[in-house]
Amino acid sequence: MKRTKIKELLTSTKTGSEILVKGWVRTKRGNRNIAFIALNDGSTINNIQVVVDAVKFDENLLKDITTGSCIAVKGKLVESQGQGQHVEVDASEIELYGKSDAESYPLQKKGHSMEFLRENAHLRFRTNTFGAVFRIRHAMAYAIHKYFNDKGFYYLHTPIITGSDCEGAGEMFHVTTLDLKNIPRNDDGNIDFKTDFYGKETHLTVSGQLEGELGALALGEIYTFGPTFRAENSNTPRHLSEFWMIEPEMAFYNLDDNMDLAEEFVKYLIKYALENCREDLEFLNNMIEKGLLERLNFVLNNEFIRMTYTEAVSILTGSSRKWEYPVGWGRDLQAEHERYLVEEHFKRPVILTDYPKEIKAFYMKQNDDGKTVRAMDVLFPGIGEIIGGSQREENYDKLLSRIREMKMPEKDLWWYLDTRKFGTAPHSGFGLGFERLILFVTGMSNIRDVIPFPRTPKNAEF
RNA sequence: UCCUCAGUAGCUCAGUUGGUCAGAGCGGCGGACUGUUAAUCCGUAGGUCGUAAGUUCGAGCCUUACCUGGGGAGCCA
């Protein structure tokens, strides 16, 4: 007999039919005569209730069916006599695939703290919350590909191992096969990378953007979606040292087109979640964040505020609020400032544009005022910057002078500069932190709980 | 990296001015109950009090260092 997934069984109208269901036991209740097993197979957040008439089964078998064990059940799908579920399985045959020692199995029927579950990341998939989170994470990954594919974007794989340190987006992890106990050195005492695997110093990528631009300036519209690494010693609920980033890059897009895309993209993803992850979102709405659904709908149905950095600064300086960090033109906005704008002043997502060039990256398009660049940050409530992007500088001379001003390694950027030398074009792009999106969509509060196996300073377990 | 709070049973926590302070609930185990829904009821076993020094007649409690975790900040996505 073929297995039927629980998601299908729960919506089935074929009561009376013989079925085979397989899954992990969430709870078992009952007495000497009858037992009720809540079974889950990951296909849905809901369990199916298996009803066991104890006299039909070996006592030792029933004893081994404990929380966490894995079983296959043959039986009849019937209307439930009890309340709380429409259908249940009247078991006729049970095969025990895997026992789960009740004394040492870490997960209980009752709720656990997120911290405890994090230490049991290998088993936390078996909880309602993490089942919901990772089903939604999958749905969002799929929706991202679907969105871009439907719009004619190409999925471009940029390298994980990179020989350039051009982004300046933070500390990088080294990649090497050198013998760490016997590191070869030059006469001047520096490490001799000539004998290393690639014959040069290499790192894990902090961004695929620069390579993405190369693709966009030929394929038109591309996006990357892959792991990214930052060796920053950041210990916050919003940072990981290994995280996934989506970076679209589009030829012939100016900053307005870029903002339009970013807003449409995020709303598409939220809409997709609401339409395809309803049960998981409702669970999270009840158990994790009251008001989650309301918040998602609100963002979906309201336009993002768009304004320049300069306008934002004047709002902040005009408010009566006392700031821990001073506000002033030329200073980067702090978390408290962004939070004020998003959560108190406008009470909706905000896109800030045209930041001072001194606080932004070298590749951003310079405005005619000579002071600002065509940057954009999309700020979300509770999360802060969820998207950062810009129109890129397509003018060779301006780009080169900026590289020199900022003392970037000009030699290493020859291939990037070549695109401005040969058939340059106006183009734009942005980066979206995938886990920050998942935080927003699930209502979870710690980024370590929206990636299966979080990598953070001092933690690389599993 | 900085600030701050915390670390006591498998889990979540209580533990007063240093002197019955080794405790509760849940979970586990044993038992009761013919349909349960985080089942209920009765009984029972679990702990070098994060680690290491120190103060003291005496430390879960005070001091110092370190480790781990939470929250906030910085860096950023």
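The shown structure was predicted, so the numbers you read here are calculated from the model rather than taken from an experiment. So you know, we letter chains A, B, ... as the sequences are listed, proteins then strands, and number each from 1.
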Participant: What interatomic distance, in whole Å, is found between C1' of C2(B) and the corresponding atom of A59(B)?
Facilitator: 31 Å

Participant: Whole-Å distance between G71(B) C1' and Arg238(A) CZ?
Facilitator: 11 Å

Participant: Figure out the CZ/C1' separation between Arg32(A) and A32(B), and round it to whole Å.
Facilitator: 9 Å

Participant: Tell me: NZ of Lys360(A) to P of C75(B), nearest whole Å?
Facilitator: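 Whole-Å distance recorded here is 11 Å.
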
Participant: Is it true that Tyr268(A) and Lys146(A) share a donor-acceptor pair across their side chains at a distance under 3.5 Å?
Facilitator: no

Participant: Check the distance between G27(B)'s C1' and Arg26(A)'s CZ and give it to me in whole angstrom.
Facilitator: 17 Å

Participant: Between Phe434(A) and Phe225(A), does the ring centroid distance fall short of 6.0 Å?
Facilitator: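 Yes, they do, as the ring centres are separated by less than 6.0 Å.
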
Participant: What is the distance, to the nearest angstrom, from the NZ atom on Lys458(A) to the C1' atom on U68(B)?
Facilitator: 11 Å

Participant: Please report the distance separating the P of U8(B) from the corresponding atom of C13(B), rounded so that it comes out in whole Å.
Facilitator: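 The same atom, P, in both gives a distance of 9 Å.
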
Participant: Answer yes if the side chains of Glu264(A) and Tyr147(A) hold a donor-acceptor pair under 3.5 Å, and no otherwise.
Facilitator: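 Per modelled atom types, Glu264(A) and Tyr147(A) side chains form a pair under 3.5 Å.
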
Participant: Indicate, with a heavy-atom threshold strictly under 4.0 Å, whether Ser104(A) touches base, sugar-phosphate, or nothing.
Facilitator: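 Since no nucleic acid heavy atom lies under 4.0 Å of Ser104(A), the category is nothing.
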
Participant: Any side-chain N or O of Lys63(A) under 4.0 Å from OP1/OP2 of G30(B)?
Facilitator: yes

Participant: So, OP1 or OP2 of A39(B): does either fall under 4.0 Å of a side-chain N or O from Arg29(A)?
Facilitator: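 Yes, such a contact exists.
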
Participant: What interatomic distance, in whole Å, is found between C1' of C26(B) and the corresponding atom of A38(B)?
Facilitator: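 My reading of the C1' atoms in A38(B) and C26(B) gives 10 Å.
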
Participant: Would one find a side-chain N or O of Arg118(A) under 4.0 angstrom from OP1 or OP2 of G70(B)?
Facilitator: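 Affirmative; the distance criterion is met.
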
Participant: Does His112(A) contact C11(B) through a side-chain donor or acceptor facing the base, at a distance under 3.5 Å?
Facilitator: no

Participant: Is it true that Tyr223(A) and His145(A) have ring centroids separated by less than 6.0 Å?
Facilitator: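 Centroid separation for Tyr223(A) and His145(A): below 6.0 Å.
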
Participant: Can you find a donor-acceptor pair, distance only, under 3.5 Å between Glu88(A) side chain and G35(B) base?
Facilitator: yes

Participant: Write down the distance separating the C1' atoms in A22(B) and G15(B), rounded off to the nearest Å.
Facilitator: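 Straight-line distance between the two C1' atoms is 9 Å.
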
Participant: With respect to the phosphate group of G70(B), does any side-chain polar atom (N or O) of Arg448(A) fall under 4.0 Å of OP1 or OP2?
Facilitator: yes

Participant: For nucleotides G18(B) and G27(B), find the distance between their C1' atoms and express it as a whole number of Å.
Facilitator: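 Comparing C1' positions in G18(B) and G27(B) gives a spacing of 34 Å.
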
Participant: May I ask you to check whether Phe453(A) and Phe125(A) place their ring centers less than 6.0 Å from one another?
Facilitator: yes

Participant: Can we call the ring centroids of His203(A) and Phe173(A) under 6.0 Å apart?
Facilitator: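 Ring centroids of His203(A) and Phe173(A) are no less than 6.0 Å from each other.
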
Participant: Who does U44(B) pair with, Watson-Crick or G-U, both distances under 3.5 Å?
Facilitator: G28(B)

Participant: Between the base of G10(B) and the side chain of Gln108(A), is there a donor and acceptor pair under 3.5 angstrom?
Facilitator: yes

Participant: Quote, to the nearest angstrom, the C1' distance that separates A65(B) from U55(B).
Facilitator: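 Each nucleotide's C1' atom is 15 Å from the other's.
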
Participant: When the distance from CD1 of Ile37(A) to C1' of G35(B) is rounded to whole Å, what number comes out?
Facilitator: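 The distance from CD1 of Ile37(A) to C1' of G35(B) comes to 14 Å, rounded to the nearest Å.
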
Participant: Which one is paired to C2(B), where only Watson-Crick or G-U wobble pairs with both distances under 3.5 angstrom count?
Facilitator: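 C2(B) is paired, partner G72(B).
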
Participant: State whether Asn235(A) places a side-chain N or O below 4.0 Å from either non-bridging phosphate oxygen (OP1 or OP2) of C2(B).
Facilitator: no

Participant: Is there a donor N/O on one and an acceptor N/O on the other, under 3.5 Å, for the side chain of Asn31(A) and the base of U36(B)?
Facilitator: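 It does not, because no donor-acceptor pair links the side chain of Asn31(A) to the base of U36(B) below 3.5 Å.
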
Participant: Using a 4.0 Å heavy-atom cut-off, does Phe116(A) contact any base of the nucleic acid, only the sugar-phosphate backbone, or nothing at all?
Facilitator: sugar-phosphate

Participant: Sticking with atom C1', work out how far U34(B) lies from A39(B), rounded to a whole angstrom.
Facilitator: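 To the nearest whole Å, 14 Å.
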
Participant: Is there a donor and acceptor pair closer than 3.5 Å between the side chain of Ser234(A) and the base of C76(B)?
Facilitator: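 Under the 3.5 Å cut-off, the side chain and the base do not form any donor-acceptor pair.
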
Participant: Which heavy atom of Met408(A) sits nearest a heavy atom of Leu413(A), and at what distance?
Facilitator: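 Heavy atoms of Met408(A) and Leu413(A) come nearest at CB-CD1, 4.3 Å.
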
Participant: Kindly indicate whether the side chain of Gln83(A) and the base of U36(B) share any N or O donor-acceptor pair separated by less than 3.5 Å?
Facilitator: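 It does not, because no donor-acceptor pair links the side chain of Gln83(A) to the base of U36(B) below 3.5 Å.
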
Participant: Report the distance from atom CG of Leu117(A) to atom P of G69(B), rounded to the nearest whole Å.
Facilitator: 16 Å

Participant: Applying a 3.5 Å limit to both distances, which nucleotide forms a Watson-Crick or G-U wobble pair with G7(B)?
Facilitator: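 Result: C67(B).
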
Participant: Hey, does the side-chain of Glu115(A) have a donor or acceptor N/O within less than 3.5 Å of a partner on the base of G69(B)?
Facilitator: no

Participant: In whole Å, what is the span from the CD atom of Gln81(A) to the C1' atom of U34(B)?
Facilitator: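 My rounded result for the distance is 11 Å.
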
Participant: Using purine N1 to pyrimidine N3 plus N6-O4 or O6-N4 for Watson-Crick, or N1-O2 and O6-N3 for G-U wobble, both under 3.5 Å, which nucleotide pairs with C62(B)?
Facilitator: G54(B)

Participant: On a whole-Å scale, what distance lies between the P atoms belonging to G54(B) and G69(B)?
Facilitator: 28 Å

